[in-house]
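A short write-up of the structure that comes next.
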Amino acid sequence: MLTRVEDVVRLVLRLLQHDLQISEVSVATEFQDNLPDVHLDATQLQQVLLNLIKNAIDAMSSVAREARRLRLTASFDGHASVLLSVEDSGRGIPVKERERIFDPFFTTKTGGMGLGLAICFTVVANHGGKLRLVKSDSDGSIFEVAIPVGGQHSAE
Ligand SMILES: Nc1ncnc2c1ncn2[C@@H]1O[C@H](COP(=O)(O)OP(=O)(O)OP(=O)(O)O)[C@@H](O)[C@H]1O
Ligand SMILES: [Mg+2]
């Protein structure tokens, strides 16, 4: 199944429009021209993005309203993957916790299940992709999803 990353990003931003507005998060997007389609069905990519953006919104609840920025970018790595990054200006993830964030049931939130990242990680890995934390410090965090691009359309 081939999916246009840009379409999914726009759809998820629409779904979360209200949450983003009440949380006073400003959003910026940047898509490289002529991005290849990826091998991950749209619903699954939607789930992954929803989880990452919800985490970003949560992480920014503790910073000043005017400093809440979400940035989404998509680019081709030049080889075989589209890189989709989700950057927030939240409180960051303490070093001690970084190695546990992808573990099922690891959460620092009251009422959190701790399943969001674990599920995203598995979904992406099952499609030959990778989900990783690129950076995290007191200025915020960046998560990146690398998703394999599709082959010839005719082979689908
Ligand atoms: N963008 C982020 N900024 C800061 N901390 C984060 C971010 N994303 C995840 N975390 C940390 O990783 C933990 C695990 O995230 P995960 O999405 O798996 O679970 P959750 O958000 O706590 O609960 P759930 O997603 O099941 O509702 C979070 O509780 C939080 O401590
Ligand atoms: Mg979560």
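This one's a predicted model, so the numbers in the text were calculated from it and none came from an experiment. All ligand and atom numbering here is 1-based and tracks the order in the structure. Throughout, residue positions are numbered sequentially from 1 according to the sequence presented.
A salt bridge is absent between E24 and R68; no separation between the charged side-chain nitrogens and carboxylate oxygens falls under 4.0 Å. Taking 4.0 Å as the cut-off between side-chain N and carboxylate O, D88 and R69 do not count as a salt-bridged pair.
Enclosure of atom CZ in R100 is not indicated, since only 12 or fewer non-hydrogen atoms of other residues, nucleotides or ligands lie within 6.0 angstrom. Remark: K96 NZ is loosely packed, at most 12 non-hydrogen atoms of other residues, nucleotides or ligands lying under 6.0 Å away. No more than 12 heavy-atom neighbours from other residues, nucleotides or ligands sit within 6.0 angstrom of NZ on K54.
Note: L2 CG to L40 CG = 10.5 Å, rounded to the nearest 0.5 Å.
Within the 2.8 Å limit, N51 places no N, O or S atom next to the Mg ion (ligand 2).
Using a 4.0 Å heavy-atom criterion, the residues that approach ligand 1 are N55, A59, D88, R91, G92, I93, I101, F106, T107, T108, K109, G112, M113, G114, L115, G116, L117, S141, F143.
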